[in-house]
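Reviewing the structure listed below.
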Amino acid sequence: MNTLQITNPFGAPVYHEETVASTMDTARSLAAAGAAHGTVITADFQTAGRGRIRGRPWLMDKKINLAFTIILRYNGAEAIPPALTLRAGLALAEAIEDFAPALAGRVLIKWPNDIMLDSKKAAGILTEADGAAVFIGIGVNVAQKQFADELREKAASLSLALQRDICAEERFVLLEIFLGKFYRELKGADWKSRLSGRLYKMGEPVIFAEGAAGCGTEFHGRLAGIGDGGELLIEGEGGARSFVTGELRF
């Protein structure tokens with residue numbers, strides 16, 4: 001396992017592998033072996049990368065995109081900061097705009113875990129917890145130029161949005177920027193208002209399918225914002241409701 005020579009404000013190593021099953025699984029192995037808070041594992045390719053919803057894998061081409069997991073350790077579940085996935089998304093959105101200033105104003109956050117470029121998905125975030133350890137896995141389409149037919153109208157990459165090539169090593173520049181942003185994000189208190197300003201479909205009519213994918217009842221309303229714990233707020237005919245699990249539809 002190689003170590004990337006990039007700045008990590010968490011003071012922990014940033015490991016790199018060519019191929020792994022998933023960076024999430026590798027991170028769990030590192031944590032079991034005693035890896036420190038803020039340790040990162042990134043890989044050129046994942047053979048079994050997964051998304052938030054079971055049955056929806058995260059697919060990306062080899063060595064041109066960014067896939068990584070960061071390990072966070074806390075002294076008990078009660079010490080874990082609220083809305084970690086959304087705050088990681090906020091840090092990533094700001095990092096993308098720092099990395100590519102031409103994209104300013106176009107990087108949005110779709111609750112609960114997607115980063116959108118205009119109306120297409122460019123990155124996904126998966127958060128899992130195991131006791132007092134939290135694993136945040138992130139995949140970003142950086143330099144990919146082509147997608148499968150079924151994804152072409154739904155997926156984006158930074159390269160396509162910028163209409164220019166991005167070299168393979170630049171993805172680690174984005175990673176370094178993200179780590180700095182995320183480190184500060186975990187210490188800040190103004191995340192909710194800043195996130196609301198980037199919330200995809202904010203103020204627009206939405207449909208929310210509550211519960212597990214394909215099983216939830218639908219709630220129609222206007223997307224009203226984010227609660228203190230990261231819950232989604234939707235204003236409907238009977239008043240405002242908050243949702244913790246489910247899927248947004250439009």
Side-chain angles (χ1 to χ4, degrees), residues 4-8 14 16-20 22-24 40-46 49-52 56-70 85-127 136-185 194-195 197-201:
L4 294 180
Q5 300 304 308
I6 65 174
T7 300
N8 183 356
V14 179
H16 178 256
E17 289 274 25
E18 288 188 2
T19 301
V20 297
S22 77
T23 60
M24 188 70 78
V40 177
I41 172 66
T42 181
D44 290 336
F45 185 67
Q46 300 180 107
R50 60 186 184 272
R52 180 180 67 92
R56 295 187 190 175
W58 181 265
L59 305 173
M60 50 178 19
D61 286 354
K62 188 173 184 178
K63 209 172 183 178
I64 59 174
N65 296 311
L66 179 62
F68 67 96
T69 295
I70 181 168
T85 301
L86 288 169
R87 292 163 81 173
L90 181 57
L92 182 58
E94 293 182 351
I96 288 172
E97 290 191 353
D98 278 10
F99 174 79
L103 298 179
R106 297 173 58 188
V107 188
L108 303 174
I109 299 168
K110 179 186 172 187
W111 188 95
N113 68 322
D114 290 341
I115 301 298
M116 311 295 286
L117 275 173
D118 301 320
S119 61
K120 294 184 178 183
K121 180 175 175 177
I125 303 170
L126 175 66
T127 300
I136 300 180
I138 296 179
V140 186
N141 295 328
V142 178
Q144 192 153 329
K145 291 291 190 69
Q146 295 183 345
F147 293 94
D149 290 343
E150 64 271 19
L151 297 175
R152 197 162 293 155
E153 298 303 316
K154 301 177 181 179
S157 72
L158 306 190
S159 183
L160 286 172
L162 292 168
Q163 297 184 323
R164 70 168 176 86
D165 292 335
I166 298 177
C167 73
E169 295 307 308
E170 286 186 85
R171 60 203 162 118
F172 300 128
V173 175
L174 175 59
L175 173 58
E176 186 171 43
I177 297 171
F178 166 80
L179 291 173
K181 296 278 187 184
F182 189 44
Y183 181 80
R184 292 188 292 274
E185 200 63 62
R194 288 167 37 243
L195 193 146
R198 290 183 181 271
L199 196 58
Y200 186 62
K201 298 294 185 179

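Both backbone and side-chain heavy atoms feed into the values below; hydrogens, waters and symmetry mates do not.
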(request) Determine the minimum heavy-atom distance between Thr42 and Ala67, stating which atoms define it. (result) OG1-O, 2.8 Å

(message) If you compare all heavy atoms of Gln46 against all heavy atoms of Thr23, which two are closest, and at what distance to 0.1 Å?
(response) OE1-N, 2.9 Å

(request) Return yes if some donor-acceptor pair links the side-chain N/O of Gln144 with the main-chain N/O of Gln146 below 3.5 Å, else return no. (result) yes

(message) Measuring from atom CD of Glu170 to atom CZ of Phe99, what distance do you get when rounded to the nearest 0.5 angstrom?
(response) 4.5 Å

(request) Supply the atom-to-atom distance Leu199 CG to Met116 CE, rounded to the nearest 0.5 angstrom. (result) 11.5 Å

(message) My understanding is that only one of Asn65, Leu66, Asp61, Ile64 makes a side-chain contact (heavy atoms from CB on, under 4.5 Å) with Asn141; could you say which?
(response) Asn65

(request) Look at the side chain of Arg87 and the backbone N and O of Glu185, then say whether any donor-acceptor pair between them is shorter than 3.5 Å. (result) yes

(message) My understanding is that only residues two or more places apart in sequence, or in another chain, count here; which of them pass ring pair (Phe, Tyr, Trp, His ring centres under 6.0 Å) with Tyr183?
(response) Phe10

(request) State the CE-OG1 distance between Met24 and Thr69, to the nearest 0.5 angstrom. (result) 4.5 Å

(message) Main chain of Thr7, side chain of Glu176: is a donor-acceptor contact present, judged purely on distance under 3.5 Å?
(response) yes

(message) Please enumerate all residues that pass side chain to side chain donor-acceptor pair (under 3.5 Å) together with Ser157, with sequence neighbours excluded.
(response) none

(request) Identify the two heavy atoms, one from Gly89 and one from Ile115, that lie closest to each other, and give their separation to 0.1 Å. (result) O-CD1, 3.4 Å

(request) Specify the closest pair of heavy atoms between Ala143 and Ser159, including all atoms of both residues, with the distance to one decimal. (result) CA-CB, 3.7 Å

(message) Please evaluate residues Thr19 and Lys62 with respect to the criterion side chain to side chain contact (heavy atoms under 4.5 Å, CB included), reporting the C-alpha separation (whole Å), side-chain torsions for both, the decisive distance (0.1 Å), and the verdict.
(response) CA-CA 9 Å; Thr19 301; Lys62 188 173 184 178; 4.0 Å; yes

(request) Please identify each residue that fulfils side chain to side chain donor-acceptor pair (under 3.5 Å) with Lys120, with sequence neighbours left out. (result) none

(message) Are the side chains of Leu179 and Ile70 in contact, using a 4.5 Å heavy-atom criterion?
(response) yes

(request) Could you list all the ring-ring contact (aromatic ring centres under 6.0 Å, His included) pairs where at least one residue sits in residues 151-181, not counting sequence neighbours? (result) His16-Phe172, Phe68-Phe178, Phe178-Phe182

(message) Using modelled atom types and a 3.5 Å cut-off, is there a donor and acceptor pairing between side-chain atoms of Arg106 and backbone atoms of Leu117?
(response) no

(request) To the nearest 0.5 angstrom, please state how far the CG atom of Asp114 sits from the CG atom of Leu92. (result) 11.0 Å

(message) Tell me if a side-chain donor or acceptor on Asn113 pairs with a main-chain N or O of Ile125 at a distance below 3.5 Å.
(response) yes

(message) Before you tell me yes or no, could you show the steps for Lys63 and Arg171 under side chain to side chain contact (heavy atoms under 4.5 Å, CB included), namely the whole-Å CA-CA distance, both residues' side-chain angles and the distance that decides it to 0.1 Å?
(response) CA-CA 9 Å; Lys63 209 172 183 178; Arg171 60 203 162 118; 3.5 Å; yes

(message) So, taking the atom named CG in Leu103 and the one named CG in Leu158, what distance separates them when rounded to the nearest 0.5 Å?
(response) 6.5 Å

(message) So that I can tick it off, tell me whether Arg198 and Glu97 are bridged by a salt bridge, with the cut-off set at under 4.0 angstrom between side-chain N and carboxylate O.
(response) yes

(request) Only counting residues at least two apart or in another chain, list the ones meeting side-chain contact (heavy atoms from CB on, under 4.5 Å) with Asp98. (result) Ile177, Lys181

(request) Can you sort out the partners of Tyr200 under ring pair (Phe, Tyr, Trp, His ring centres under 6.0 Å), two or more places apart, ordered by chain and number? (result) Phe250

(request) Would you please test Leu174 and Ile96 for side chain to side chain contact (heavy atoms under 4.5 Å, CB included) and show each step? (result) CA-CA 7 Å; Leu174 175 59; Ile96 288 172; 4.2 Å; yes

